[in-house]
*Asks:* 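So that we are looking at the same thing, I have put the structure below in structure tokens.
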Amino acid sequence: MGFTEQRFNVNLSILFTELPLLERPAAARAAGFTAVELWWPWLDSPTPAQSELDSLRAAIENAGVRLTGLNFYAGQLPGPDRGALSVPGEESERFRANIEVAAGLAESLGCGALNALYGNRTEGVDPAEQDALALENLVLAAHAANRIGAILLVEALNEPESPRYPLVSAPAAVEVVDRVNAATGLDNARFLMDLYHLSMNGEDLTSVIDRFAAKTGHVQIADNPGRGAPGTGTLPLADHLDRLRKAGYEGWVGLEYKPGDRPSAEAFDWLPREARRTP
């Protein structure tokens with residue numbers, strides 16, 4: 001089948017970042033895409049002013065694109081942080097303050113997936129304490145997602161680039177998904193399968209797909225090495241996506257790669273323009 005059978009969206013927090021935030025949705029639309037996703041865009045504020053939320057909402061709506069994925073507040077990302085929900089003290093409180101704000105923005109745009117990055121291990125804090133705090137916060141996030149008809153995503157990152165992040169394998173992230181679903185009874189927590197991160201961890205992607213496709217709520221891709229566009233590295237991404245579809249995954253595939261030394265609009269030559277638009 002190849003790439004032309006997939007449903008792609010563009011991550012506007014890693015692509016089109018040469019443009020101001022409010023110009024990126026229109027740039028993605030001009031490149032032929034009709035769906036986008038975002039990390040939490042206000043790094044210093046889990047609760048930005050309503051005017052800022054309204055401006056982003058208007059930019060997405062006016063561009064004629066659909067927001068299909070949104071991260072909860074995750075601290076400085078890009079930067080040293082990898083989430084806030086398991087970090088005791090102020091960061092955990094900031095995550096909690098963000099839950100309803102992020103869910104409200106997602107609901108207003110018909111966004112059906114909210115991603116909650118787990119957070120780094122904190123020096124001097126018992127990992128079991130962090131895991132208990134994480135479960136409390138993920139339960140709150142799952143209930144908020146459920147209220148707007150969305151799923152909650154839990155993502156595995158890669159150990160070389162995120163050495164203090166505890167979820168650095170597919171089984172580790174899926175175990176958290178299972179814990180959240182058991183605690184809430186909602187069954188709306190799902191695994192975010194990022195093929196780049198898993199490949200950086202040395203995982204067998206074929207095995208991961210076969211084991212966890214049924215628990216996967218979203219997929220993201222970048223080639224490896226380099227985290228560039230498909231075809232810039234050695235991963236057989238088209239084959240992996242075909243395997244996911246055959247395993248029953250019919251969701252979105254987020255393009256979360258670096259454009260390299262070129263404008264983002266030129267970083268999609270691997271994908272025919274007619275395959276970028278999703279009804």
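For clarity, every value in this text was computed on a predicted model and none was experimentally measured.
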*Asks:* Are the side chain of Asn9 and the backbone N or O of Leu67 linked by a donor-acceptor pair below 3.5 Å?
*Replies:*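 No, the answer is negative, given that no donor and acceptor are paired below the 3.5 Å cut-off.
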*Asks:* Has the side chain of Asp81 got a donor or acceptor atom that lies under 3.5 Å from a matching backbone atom of Gln76?
*Replies:*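 Side chain of Asp81 to backbone of Gln76, a donor-acceptor pair under 3.5 Å: yes, one is there.
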*Asks:* Could you tell me if the side chain of Pro171 sits less than 4.5 Å from the side chain of Arg211, heavy atoms only?
*Replies:*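 Of all side-chain heavy-atom pairs linking Pro171 with Arg211, at least one is under 4.5 Å.
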*Asks:* Give me the atom names and distance for the closest heavy-atom approach of Val168 to Ser162.
*Replies:*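 Minimum heavy-atom contact is CG1-O, 4.2 Å.
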*Asks:* Examine distances only and state if a side-chain atom of Arg190 and a backbone atom of His218 form a donor-acceptor pair shorter than 3.5 Å.
*Replies:*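 Between the backbone of His218 and the side chain of Arg190 there is no qualifying donor-acceptor contact (under 3.5 Å).
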*Asks:* Could Glu155 and Arg82 be called an ion pair, given the rule that one side-chain N must be under 4.0 Å from one carboxylate O?
*Replies:*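 So Glu155 does not pair with Arg82 through a salt bridge.
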*Asks:* Check whether any side-chain heavy atom of Leu241 sits under 4.5 Å from a side-chain heavy atom of Leu244, and report yes or no.
*Replies:*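 In contact.
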*Asks:* Does the Thr234 side chain pair with the main chain of Asn224, one donor and one acceptor, at a distance under 3.5 Å?
*Replies:*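 At least one qualifying donor-acceptor pair exists.
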*Asks:* Whether the side chain of Gln130 engages the backbone of Asn120 through a donor-acceptor N/O pair (distance < 3.5 Å, no angle test) should be reported.
*Replies:*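 Side chain of Gln130 to backbone of Asn120, a donor-acceptor pair under 3.5 Å: yes, one is there.
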*Asks:* Could you check whether any side-chain N or O of Arg276 sits under 3.5 Å from a backbone N or O of Phe268, counting only pairs where one atom can act as donor and the other as acceptor?
*Replies:*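 Pair found, side chain donor or acceptor close to backbone of Phe268.
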*Asks:* Under 4.0 Å between a Lys/Arg side-chain N and an Asp/Glu carboxylate O for Arg57 and Asp54?
*Replies:*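 Yes, charged N to carboxylate O under 4.0 Å.
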*Asks:* Taking side chain as C-beta onward, heavy atoms only, is Arg227 less than 4.5 Å from Glu256?
*Replies:*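 Yes, close enough: below the 4.5 Å cut-off.
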*Asks:* Within a reach of under 6.0 Å around CZ of Arg277, are more than 12 heavy atoms found that belong to other residues, nucleotides or ligands?
*Replies:*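 12 or below, so no.
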*Asks:* Is it the case that the side chains of Asn201 and Asn158 hold a donor-acceptor pair, with the cut-off being a distance below 3.5 Å and no angle test?
*Replies:*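 No pair is found: no donor N or O on one side chain lies under 3.5 Å from an acceptor on the other.
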*Asks:* To the nearest 0.5 Å, tell me how far Trp42 CH2 sits from Leu21 CG.
*Replies:*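 Trp42 CH2 to Leu21 CG: 6.5 Å, rounded to 0.5 Å.
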*Asks:* Applying salt bridge (Lys or Arg N to Asp or Glu O under 4.0 Å) to Lys258 and Asp223, what does each step give before you reach the verdict?
*Replies:* CA-CA 9 Å; Lys258 299 175 182 178; Asp223 216 331; over 6 Å; no
*Asks:* Tell me which one of Asp210, Asp178, Asp187 satisfies salt bridge (Lys or Arg N to Asp or Glu O under 4.0 Å) with Lys215.
*Replies:*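 The salt bridge (Lys or Arg N to Asp or Glu O under 4.0 Å) with Lys215 is passed solely by Asp178 among Asp210, Asp178, Asp187.
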*Asks:* Can you tell me how far the CZ atom of Arg96 sits from the CD atom of Glu93, to the nearest 0.5 Å?
*Replies:*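 It comes to 6.0 Å.
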*Asks:* Tell me if a side-chain donor or acceptor on Ser264 pairs with a main-chain N or O of Phe16 at a distance below 3.5 Å.
*Replies:*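 A pair under 3.5 Å: yes.
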*Asks:* Would you find a donor on one side and an acceptor on the other, under 3.5 Å apart, between the side chain of Ser55 and the backbone of Ser51?
*Replies:*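 Checked: pair present.
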*Asks:* Carefully, step by step, assess Arg179 and Val154 under the rule side chain to side chain contact (heavy atoms under 4.5 Å, CB included).
*Replies:* CA-CA 11 Å; Arg179 277 198 229 117; Val154 177; over 6 Å; no
*Asks:* Would you mind telling me which of Trp270, Phe33, Trp252 makes a ring pair (Phe, Tyr, Trp, His ring centres under 6.0 Å) with Phe8?
*Replies:*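 Per the ring pair (Phe, Tyr, Trp, His ring centres under 6.0 Å) rule, the option paired with Phe8 is Trp270, out of Trp270, Phe33, Trp252.
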*Asks:* Please name the pair of heavy atoms, one in Leu198 and one in Ala170, separated by the smallest distance, quoted to 0.1 Å.
*Replies:*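 Minimum heavy-atom contact is CD2-N, 3.9 Å.
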*Asks:* Is Leu114 linked to Leu153 within one hydrophobic cluster, defined over Ile, Leu, Val, Met, Phe, Trp and Tyr using a side-chain heavy-atom separation of less than 4.5 Å?
*Replies:*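 Result: no, two separate clusters.
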*Asks:* Would a 4.5 Å heavy-atom cut-off, applied to side chains only, mark Thr122 and Arg164 as touching?
*Replies:*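 The answer is no; the side chains never approach within 4.5 Å.
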*Asks:* Can Leu186 and Asn181 be said to form a side chain to side chain contact (heavy atoms under 4.5 Å, CB included), step by step?
*Replies:* CA-CA 6 Å; Leu186 298 173; Asn181 285 332; 5.6 Å; no
*Asks:* Could you please spell out the steps behind the side chain to side chain donor-acceptor pair (under 3.5 Å) verdict for Asn137 and Tyr118?
*Replies:* CA-CA 10 Å; Asn137 284 333; Tyr118 202 82; over 6 Å; no
*Asks:* Is there a path of hydrophobic side-chain contacts, each under 4.5 Å between heavy atoms, that joins Phe3 and Val10?
*Replies:*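 Both belong to a single hydrophobic cluster.
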*Asks:* Can you find a heavy atom in the side chain of Glu91 that is under 4.5 Å from one in the side chain of Arg94?
*Replies:*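 A side-chain contact exists here, since the closest heavy-atom pair is under 4.5 Å.
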*Asks:* Check whether any side-chain heavy atom of Thr34 sits under 4.5 Å from a side-chain heavy atom of Arg66, and report yes or no.
*Replies:*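 A side-chain contact under 4.5 Å is absent here.
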*Asks:* Run the ring pair (Phe, Tyr, Trp, His ring centres under 6.0 Å) check on Phe72 and Phe95 step by step: do they pass?
*Replies:* CA-CA 7 Å; Phe72 288 107; Phe95 176 82; 5.5 Å; yes
*Asks:* Does any non-hydrogen side-chain atom of Ile221 lie less than 4.5 Å from one of Leu255?
*Replies:*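 They are in contact (side-chain heavy atoms under 4.5 Å apart), so the answer is yes.
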*Asks:* If hydrophobic clusters are built from ILVMFWY residues whose side chains come within less than 4.5 Å, do Tyr196 and Leu117 share one?
*Replies:*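 Per the 4.5 Å side-chain linkage, Tyr196 and Leu117 are not co-clustered.
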*Asks:* Which atom pair, heavy atoms only, marks the closest approach of Pro272 to Thr4?
*Replies:*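 Closest heavy-atom pair between Pro272 and Thr4: CG-CG2, 4.2 Å.
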*Asks:* Distance from Leu56 atom CG to Ile60 atom CD1, nearest 0.5 Å?
*Replies:*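 The distance works out to 4.0 Å.
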*Asks:* Between Glu203 and Ser169, do the side chains contain a donor N or O and an acceptor N or O under 3.5 Å apart?
*Replies:*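 Ser169 vs Glu203: no donor-acceptor pair found between side chains.
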*Asks:* Given the rule in the side chain to side chain contact (heavy atoms under 4.5 Å, CB included) test, do Tyr165 and His197 qualify, once you have shown the distances and angles that lead to the verdict?
*Replies:* CA-CA 12 Å; Tyr165 190 81; His197 288 308; over 6 Å; no
*Asks:* Return the minimal non-hydrogen interatomic distance between Leu53 and Pro48, and the atom names on each side.
*Replies:*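 Leu53 and Pro48 have their closest heavy atoms at CD2-CG, 3.9 Å.
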*Asks:* If you look at every heavy atom in Leu70 and Cys111, which pair is closest and at what distance?
*Replies:*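 Shortest heavy-atom contact: N-SG, 3.9 Å.
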*Asks:* Under a 4.5 Å side-chain heavy-atom rule over Ile, Leu, Val, Met, Phe, Trp and Tyr, are Val139 and Val87 clustered together?
*Replies:*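 Different hydrophobic clusters.
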*Asks:* Quick one: do Ser13 and Leu38 satisfy side chain to side chain contact (heavy atoms under 4.5 Å, CB included)? Show the steps, please.
*Replies:* CA-CA 6 Å; Ser13 298; Leu38 276 167; 3.6 Å; yes
*Asks:* Keeping the roles fixed (side chain from Arg7, backbone from Thr278), state whether a donor-acceptor pair exists under 3.5 Å.
*Replies:*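 No; zero donor-acceptor contacts below 3.5 Å.
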*Asks:* CG/Asp204 to CD1/Ile209 distance, rounded to the nearest 0.5 angstrom?
*Replies:*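 Reported to 0.5 Å precision, the distance equals 9.0 Å.
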*Asks:* Mind listing the closest non-hydrogen atom pair of Leu133 and Ser92 along with its distance?
*Replies:*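 The pair with the smallest heavy-atom distance is CD1-OG, 3.6 Å.
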*Asks:* State the NE2-CG distance between His240 and Leu195, to the nearest 0.5 angstrom.
*Replies:*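 That separation rounds to 6.5 Å.
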*Asks:* Are Met200 and Tyr257 co-members of a hydrophobic cluster defined by side-chain heavy atoms under 4.5 Å apart?
*Replies:*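 In one cluster with Tyr257: Met200, no.
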*Asks:* For residues Asn11 and Trp39, determine if any side-chain heavy atom of one lies less than 4.5 Å from a side-chain heavy atom of the other.
*Replies:*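 Yes, at least one pair of side-chain atoms sits under 4.5 Å.
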*Asks:* Does CD belonging to Glu250 count more than 12 external heavy atoms closer than 6.0 Å?
*Replies:*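 Check fails, neighbour count at 12 or below.
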